[in-house]
Amino acid sequence: MTGSAQIRDAAAELAMAYRLRWKRRRLLWRSWRKRRQLSVVVDRTAQITQGAILGFSTVRNEAVRLPYWLEHHRALGVDHFLIVDNASDDSTRDYLVAQPDVSLWHTPHSYRLSRFGVDWLTWLQMRHGHGHWCLTADADELLIYPFHDTRPLPALTEWLDGRGIASFGALMLDMYPKGRLSAAPYAAGQDPREALPWFDAGNYMIQKQKRLQNLWIQGGPRARSFFAGEPRRAPTMGKVPLVKWHRGYAYVSSAHSALPRRLNHVYDEMGGEFVSGVLLHTKFLSMVTEKSAEEKERREHFANSSLYDAYYDSLTEDPDLWCEGSTRYRGWRQLEALGLMSRGTWL
């Protein structure tokens with residue numbers, strides 16, 4: 001590369017960094033303004049101690065999923081949960097109020113216009129998450145990582161702290177049953193992996209996004225079943241769910257990417273491996289068919305919702321996502337052997 005080309009590249013990089021710095025400030029300002037959309041239901045944040053690991057989520061009508069979701073992440077080592085209830089009309093609110101380690105806020109405002117709940121959570125992270133490791137996960141996502149069955153989250157975050165690493169990446173792995181979705185009943189408190197024991201071990205495409213330097217991962221059963229003709233419209237599967245939070249940080253798109261960009265560097269460009277985990281995605285429990293019909297009508301989950309009508313229609317038809325290439329879930333060591341997560345140098 002010539003000297004003039006290097007100068008141009010350096011100038012372009014500085015310009016991009018400047019634009020992203022202002023974007024981050026705008027996102028933080030936006031979240032600060034959206035704080036007025038939240039009303040406190042129960043605030044137990046006085047319980048949060050120094051070094052506590054915090055969990056953040058926006059939920060709506062998740063009374064069935066929440067018992068196991070909370071149990072799973074408590075067992076990992078999450079000390080306190082800060083949750084926004086987006087106008088649930090089931091028993092979600094009452095259930096969460098009864099949980100002694102949950103602080104709960106309510107909002108009737110638009111999930112889509114709050115950047116799919118990110119604005120609300122960013123405000124709570126600004127106010128309560130500064131200096132804490134924060135796990136941001138939806139109610140249909142279960143975090144696992146190497147040794148999670150024998151080493152709690154504080155062991156992982158202490159190891160990350162010792163190496164100056166402020167973020168932890170994970171692949172969102174769609175889990176599904178064999179047969180139609182409705183044929184695998186699920187009861188509140190049950191481990192979702194019992195109802196959804198299958199996943200796609202391959203067919204993932206990975207690109208590094210130049211602008212935010214995050215990994216854009218697509219594939220799995222949603223890509224092959226619902227977006228086979230337009231694979232670039234398939235959902236992205238890479239996330240940065242665990243971050244040592246600073247009040248100046250902001251997620252850009254759900255937990256798929258964050259600012260500053262260094263938080264997205266959860267991979268090794270030199271050919272090695274970073275420690276990483278998996279978010280077991282339990283979207284395809286039996287109630288998804290009913291929920292899909294509702295979400296199609298509400299149009300709150302995609303920026304251009306009409307483009308995804310066929311996706312919702314397919315789900316309401318109660319599909320069978322299993323195929324000959326499906327793999328039965330056996331645990332984190334299996335996922336590591338398949339290259340879907342890594343222990344890196346955390347031995």
Side-chain angles (χ1 to χ4, degrees), residues 15-60 78-88 92-93 96-97 101-139 141 166-168 209 211-214 239-264 298 300-303:
M16 176 63 73
Y18 177 80
R19 289 194 294 272
L20 291 176
R21 185 160 57 248
W22 277 102
K23 179 178 179 66
R24 176 158 53 102
R25 291 175 179 175
R26 288 194 299 271
L27 293 176
L28 293 171
W29 170 248
R30 175 189 173 113
S31 297
W32 185 80
R33 291 175 57 200
K34 289 293 182 78
R35 78 194 190 283
R36 299 184 184 278
Q37 295 184 350
L38 299 177
S39 58
V40 176
V41 179
V42 57
D43 185 353
R44 300 185 178 103
T45 55
Q47 299 175 4
I48 297 173
T49 59
Q50 184 176 2
I53 296 176
L54 307 180
F56 292 82
S57 190
T58 299
V59 303
R60 185 178 187 278
V78 176
D79 297 291
H80 197 85
F81 299 88
L82 297 91
I83 298 178
V84 175
D85 173 33
N86 186 201
S88 294
T92 290
R93 175 170 169 157
L96 290 173
V97 166
D101 54 357
V102 170
S103 292
L104 182 64
W105 288 259
H106 173 267
T107 181
H109 292 273
S110 171
Y111 181 72
R112 179 172 58 85
L113 296 181
S114 71
R115 294 194 303 126
F116 311 104
V118 173
D119 288 333
W120 303 325
L121 295 185
T122 299
W123 163 245
L124 296 179
Q125 288 160 338
M126 290 168 62
R127 187 172 183 184
H128 301 289
H130 180 75
H132 292 270
W133 279 94
C134 296
L135 171 66
T136 302
D138 295 336
E141 296 173 338
S167 55
F168 178 83
Q209 299 292 93
R211 183 167 176 264
L212 293 173
Q213 299 175 356
N214 61 305
K239 286 197 169 185
V240 188
L242 187 63
V243 174
K244 181 70 172 288
W245 207 262
H246 184 280
R247 61 175 58 94
Y249 292 170
Y251 279 120
V252 179
S253 173
S254 180
H256 297 298
S257 58
L259 287 172
R261 288 185 293 180
R262 65 177 179 274
L263 297 176
N264 301 322
R298 292 181 69 237
E300 287 287 313
H301 276 265
F302 294 100

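Here the structure is a predicted model, which means the values were calculated and not measured. Every heavy atom of this structure was used, including side-chain atoms; hydrogens, water molecules and symmetry mates were not.
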Side chain to side chain contact (heavy atoms under 4.5 Å, CB included) involving Asn214 - partner list, sequence neighbours excluded: Gln209, Leu212, Trp216, Ser257, Asn264
Test side chain to side chain contact (heavy atoms under 4.5 Å, CB included) applied to Val42 and Val102, step by step: CA-CA 8 Å; Val42 57; Val102 170; 5.6 Å; no
Straight-line distance of Ile48 CD1 to His80 NE2, nearest 0.5 Å: 5.0 Å
Which atom of Pro108 lies closest to which atom of Asn86, heavy atoms considered: C-ND2, 4.2 Å
Ser39 (side chain) donor-acceptor with His106 (main chain) under 3.5 angstrom: yes
Between CG on residue Leu82 and CH2 on residue Trp105, distance to nearest 0.5 Å: 4.5 Å
Minimum heavy-atom distance Arg60-Ala87, with the two atoms named: NE-O, 3.7 Å
Check: Trp245 ring centre within less than 6.0 Å of Tyr251 ring centre: yes
Shortest non-hydrogen separation from Ser167 to Arg262 and the atoms involved: OG-O, 4.3 Å
Residue pair Arg93 / Val41: nearest heavy atoms and the distance that separates them: NE-CG1, 3.8 Å
Pairwise side-chain contact, Trp29 with Arg26, heavy-atom cut-off 4.5 Å (strictly under): no
Within-4.5 Å side-chain heavy-atom neighbours: Lys23 and Arg211: yes
Arg247 atom CZ, over 12 foreign heavy atoms within 6.0 Å: no
Side chain to side chain, Arg35 and Met126, heavy atoms closer than 4.5 Å: no
Any residue meeting ring pair (Phe, Tyr, Trp, His ring centres under 6.0 Å) with His246, in chain and number order, not counting sequence neighbours: His130, Tyr249
Spacing of CH2 belonging to Trp133 relative to CG belonging to Leu54, to within rounding of 0.5 Å: 12.5 Å
Test side-chain hydrogen bond (donor to acceptor under 3.5 Å, both in side chains) applied to Arg261 - qualifying residues, sequence neighbours left out: Glu13
Verdict with reasoning, Trp120 to Ser114, per side chain to side chain contact (heavy atoms under 4.5 Å, CB included): CA-CA 7 Å; Trp120 303 325; Ser114 71; 3.4 Å; yes
Separation between CG of Asp79 and OG1 of Thr49, rounded to the nearest 0.5 Å: 6.0 Å
Arg30 (side chain) donor-acceptor with Asp119 (main chain) under 3.5 angstrom: no
Worked verdict on Gln125 versus Thr136 for side chain to side chain donor-acceptor pair (under 3.5 Å): CA-CA 10 Å; Gln125 288 160 338; Thr136 302; 2.9 Å; yes
Any residue meeting side-chain hydrogen bond (donor to acceptor under 3.5 Å, both in side chains) with Arg33, in chain and number order, not counting sequence neighbours: none
Salt bridge (Lys or Arg N to Asp or Glu O under 4.0 Å) partners of Asp101, counting only residues at least two apart: Arg74
Close side-chain approach of Cys134 to Val243, heavy-atom, < 4.5 Å: no
Any donor-acceptor N/O pair, Arg44 side chain to Ser103 backbone, under 3.5 Å: no
For Ser57, all residues meeting side chain to side chain contact (heavy atoms under 4.5 Å, CB included), sequence neighbours excluded: Val59, Trp69
Side chain proximity check, Gln37 to Leu113, heavy atoms < 4.5 angstrom: no
Under 3.5 Å: donor-acceptor pair, side chain of His132, backbone of Ala52: yes
N/O donor-acceptor pair under 3.5 Å between Arg115 side chain and Val252 backbone: yes
Inter-residue atom distance Gln213.CD - Leu20.CG, 0.5 Å rounding: 8.5 Å
Thr107 side chain vs His109 backbone, donor-acceptor pair below 3.5 Å: yes
Spacing of Thr45 atom OG1 and Leu124 atom CG [to the nearest 0.5 Å]: 9.5 Å
Residue pair Trp123 / Lys34, side-chain heavy-atom distance below 4.5 Å: no
